[in-house]
Protein chains: 2
Amino acid sequence: MPKSGSPGPLYKKVKSFVLDRIHSGEWRPGDRVLSENELVRELGVSRMTVNRGLRELTDEGYLERIAGVGTFIAQSRSQGHPLEVLNIADEIHSRGNTHRARLIYALEEPVSPDRAVALGVVPGTSVFHSLIVHYENDRPIQLEDRYVNPAAAPDYLSVDFERITPSEYLLEVAPLKKVEHMVRAVMPTDEVRRHLEMPRDEPCLLLVRRTWSPASTTKAAVASTARLYYPATRFQLGAPFSVRTGDS
Amino acid sequence: MPKSGSPGPLYKKVKSFVLDRIHSGEWRPGDRVLSENELVRELGVSRMTVNRGLRELTDEGYLERIAGVGTFIAQSRSQGHPLEVLNIADEIHSRGNTHRARLIYALEEPVSPDRAVALGVVPGTSVFHSLIVHYENDRPIQLEDRYVNPAAAPDYLSVDFERITPSEYLLEVAPLKKVEHMVRAVMPTDEVRRHLEMPRDEPCLLLVRRTWSPASTTKAAVASTARLYYPATRFQLGAPFSVRTGDS
DNA sequence: CACTTGAACCTGTCTATACAACTTCGAGGT
DNA sequence: ACCTCGAAGTTGTATAGACAGGTTCAAGTG
């Protein structure tokens with residue numbers, strides 16, 4: 001994990017400066033953020049750099065900016081934003097709730113032909129497969145059915161997934177380069193319904209996530225694919241964002 | 001609709017320049033895009049401006065950039081991206097299919113208390129309410145249940161919604177400032193299931209969309225709220241995006 | 001032939017400066 | 001008391017210049 005004063009792009013330092021104060025609770029929704037010129041003096045970077053950081057945070061829904069007035073912490077970043085929050089434990093904790101995980105199994109198995117294509121490995125290879133239930137305040141909130149490319153995380157099976165989530169572990173082992181999401185509504189299978197303790201006739205929100213790691217040269221390898229099942233009545237996916245018009 | 005050489009931010013001209021060539025088919029997935037310096041000469045703007053335009057298109061999934069190599073049209077912008085494509089007709093046409101709309105009703109009705117809050121009007125006011133089925137190649141793909149704030153679009157009820165979609169009309173009448181989405185999985189009511197010609201036991205993907213118009217001073221008014229129902233088996237919502245790391 | 005080196009080009013980032021448009025607020029005039 | 005005007009602060013955008021790090025490819029070297 002990068003330290004706060006670590007190298008890297010300066011505009012990310014601007015973003016961290018603001019995000020840290022939001023996450024710590026020092027700045028609350030509606031509060032005014034330091035102006036661009038104040039941040040220039042505070043952080044010792046140019047105004048264009050500050051502007052880029054704040055503009056990205058605005059696009060991501062954290063801030064609201066009014067020309068001629070100032071920059072403010074956005075009122076409500078709606079709950080459940082897993083298209084950006086990759087780690088469900090973080091998301092649950094940010095709601096002030098407790099997270100617990102139960103491992104159903106984690107094993108190595110030969111990959112099926114279609115999954116081989118999805119994972120970008122040659123058919124016949126063995127891949128890692130884990131099934132985990134995530135609880136929010138002791139109520140099941142997500143069933144995580146995940147396949148991992150062994151090339152990206154060779155020690156995957158020896159991780160204690162009740163202490164660290166697969167997302168957390170994979171983020172430590174390999175930085176990820178790209179994420180792709182598909183959202184669908186499905187009826188749960190009996191197994192899914194049992195693990196999520198769902199009543200009959202309740203649908204699931206299914207989030208299919210593929211993550212890519214930077215690989216050797218020009219060809220990026222898929223690191224992992226996950227099917228994340230959410231009970232429909234306990235979850236909704238929010239995505240507020242400012243519009244970028246200009247499309248024809 | 002703004003003309004191609006119209007005023008407005010120059011970085012949007014860069015984006016339009018590229019998007020127009022993508023939409024017209026002149027540039028296909030995998031093709032190389034003009035380099036930043038070439039676009040500087042072509043469009044007569046500075047490199048920073050070109051960079052911002054291309055960077056935003058990359059964030060939105062249209063382009064892929066490789067440092068030291070070049071900029072390329074992204075391979076597959078996955079189907080169904082209604083968090084950015086606001087108009088379903090555009091989306092269907094971009095898949096090369098035909099769009100048709102059938103108006104169930106469009107009327108004025110007193111607003112319910114909770115909907116008044118959601119729309120940001122005083123309870124007791126009348127609002128516009130329309131119900132429309134959208135077809136892709138003559139198969140129902142979306143049921144659009146929409147409430148419109150009369151202040152934002154006074155002539156809403158006199159529009160021919162089988163020729164122009166509500167999204168299109170509202171975009172013409174009032175520029176929108178913010179969009180908020182919530183995605184849920186639900187079981188359809190009998191009415192929804194009938195309009196979408198869905199079998200029993202099939203869930204719906206429900207997209208709740210609220211759009212805001214820029215209003216007088218400091219208080220932005222909600223222009224419209226829409227509940228968009230998609231049959232689960234005929235639709236999935238895709239969201240590829242490049243990761244912005246740096247969050248704690 | 002195999003290898004190294006360097007030029008040319010690409011994207012990514014940062015800076016200093018500038019101007020425009022907007023809001024707020026107070027000073028001054030009617 | 002009311003209105004107008006302008007200063008000061010804010011965000012939004014655009015520019016020219018600079019450097020770093022990556023890739024490609026050809027020329028030159030062994």
Side-chain angles (χ1 to χ4, degrees), chain A residues 6-18 31-59 62-74 175 177-178 214-220 242-246, chain B residues 6-18 31-59 62-74 175 177-178 214-220 242-246:
Chain A
S6 66
L10 292 182
Y11 70 86
K12 288 193 177 175
K13 265 191 4 189
V14 177
K15 295 177 70 171
S16 297
F17 183 88
V18 175
D31 283 0
R32 193 168 184 288
V33 175
L34 294 180
S35 78
E36 295 192 353
N37 282 320
E38 287 169 322
L39 284 171
V40 163
R41 287 192 291 274
E42 186 80 26
L43 298 175
V45 300
S46 80
R47 203 197 131 208
M48 281 298 293
T49 303
V50 169
N51 182 273
R52 174 166 175 185
L54 296 183
R55 177 156 38 82
E56 290 194 0
L57 288 177
T58 305
D59 289 342
Y62 290 100
L63 302 178
E64 190 161 342
R65 316 196 72 189
I66 306 176
V69 183
T71 302
F72 305 87
I73 308 291
K177 188 186 172 188
K178 203 175 79 170
S216 49
T217 22
T218 59
K219 63 170 173 183
S242 49
V243 162
R244 314 199 210 221
T245 35
Chain B
S6 67
L10 293 182
Y11 71 86
K12 288 192 177 176
K13 266 193 2 192
V14 177
K15 296 177 69 172
S16 298
F17 183 88
V18 175
D31 283 1
R32 193 167 184 286
V33 175
L34 294 180
S35 79
E36 295 192 352
N37 282 320
E38 287 169 322
L39 284 171
V40 163
R41 287 192 291 273
E42 186 79 25
L43 298 174
V45 300
S46 78
R47 202 194 133 210
M48 280 298 291
T49 302
V50 169
N51 182 273
R52 174 166 175 185
L54 296 183
R55 177 156 37 82
E56 290 193 359
L57 288 177
T58 304
D59 289 341
Y62 291 100
L63 302 179
E64 191 162 340
R65 316 197 73 189
I66 307 176
V69 182
T71 303
F72 304 88
I73 309 292
K177 189 186 171 188
K178 202 175 81 171
S216 49
T217 21
T218 60
K219 63 169 172 182
S242 49
V243 161
R244 312 199 212 222
T245 36

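Residue numbering restarts at 1 for every chain, and letters A, B, ... go by the order of the sequence lines.
The interatomic distance linking B:Asn51 (CG) with C:dT11 (P) rounds to 9 Å, in whole Å. With rounding to whole Å, B:Leu39 atom CG is found 13 Å from D:dT15 atom P. Distance, B:Arg52 CZ to C:dT13 C1': 15 Å, rounded to whole Å. Remark: P of C:dG12 and CD of A:Glu56 are 12 Å apart, rounded to the nearest angstrom. Distance, B:Arg65 CZ to C:dT13 P: 10 Å, rounded to whole Å. Distance CG (A:Asp59) to P (D:dG12): 10 Å, rounded to an integer number of Å. Following rounding to the nearest Å, A:Glu38 (CD) and D:dG9 (P) show an atom-to-atom distance of 11 Å. Distance B:Glu64 CD to C:dC10 P: 18 Å, rounded to the nearest Å.
With respect to B:Leu57, the side-chain contact (heavy atoms from CB on, under 4.5 Å) criterion is satisfied by exactly one of B:Glu64, B:Lys15, B:Arg65: B:Lys15.
Among the nucleotides C:dT13, C:dT11, D:dT11, the one closest to the side chain of B:Glu36 is C:dT11. The side chain of A:Ala67 has D:dG12 as its nearest neighbour among D:dG12, D:dT13, C:dT13. Distances were taken from every side-chain heavy atom of B:Met48 (C-beta onward) to each of D:dG12, C:dT15, D:dT10; the shortest belongs to C:dT15.
Two residues, A:Thr49 and A:Gly68, neighbour DNA chain C, and the one matched to the more 5' nucleotide by heavy-atom proximity is A:Thr49. Both B:Val69 and B:Ser46 sit near DNA chain D, but only B:Ser46 has its closest nucleotide nearer the 5' end. Heavy-atom distances to DNA chain D give each of B:Val45 and A:Arg32 a nearest nucleotide, and the one nearer the 5′ end belongs to A:Arg32.
Here the shortest heavy-atom pairing between A:Leu39 and A:Phe17 reads CD2-CE2, 3.7 Å. For A:Leu63 against A:Ile73, the heavy-atom pair with the smallest separation is CD2-CD1, 3.8 Å.
Judged by distance alone with a 3.5 Å cut-off, a donor-acceptor contact links the side chain of A:Arg47 to the base of D:dG12.
B:Ser35 has a side-chain polar atom (N or O) that falls below the 4.0 Å cut-off from OP1 or OP2 of C:dC10. At the phosphate of C:dT11, OP1 or OP2 sits under 4.0 Å from a side-chain N or O atom of B:Thr71. Residue B:Arg55 places no side-chain N or O under 4.0 Å from the OP1 or OP2 atom of C:dG12.
Residue A:Thr71 holds its OG1 atom at 10.0 Å from CD of A:Glu38, rounded to the nearest 0.5 Å.
Between A:Glu36 and A:Met48, the closest side-chain pair of non-hydrogen atoms is not below 4.5 Å.
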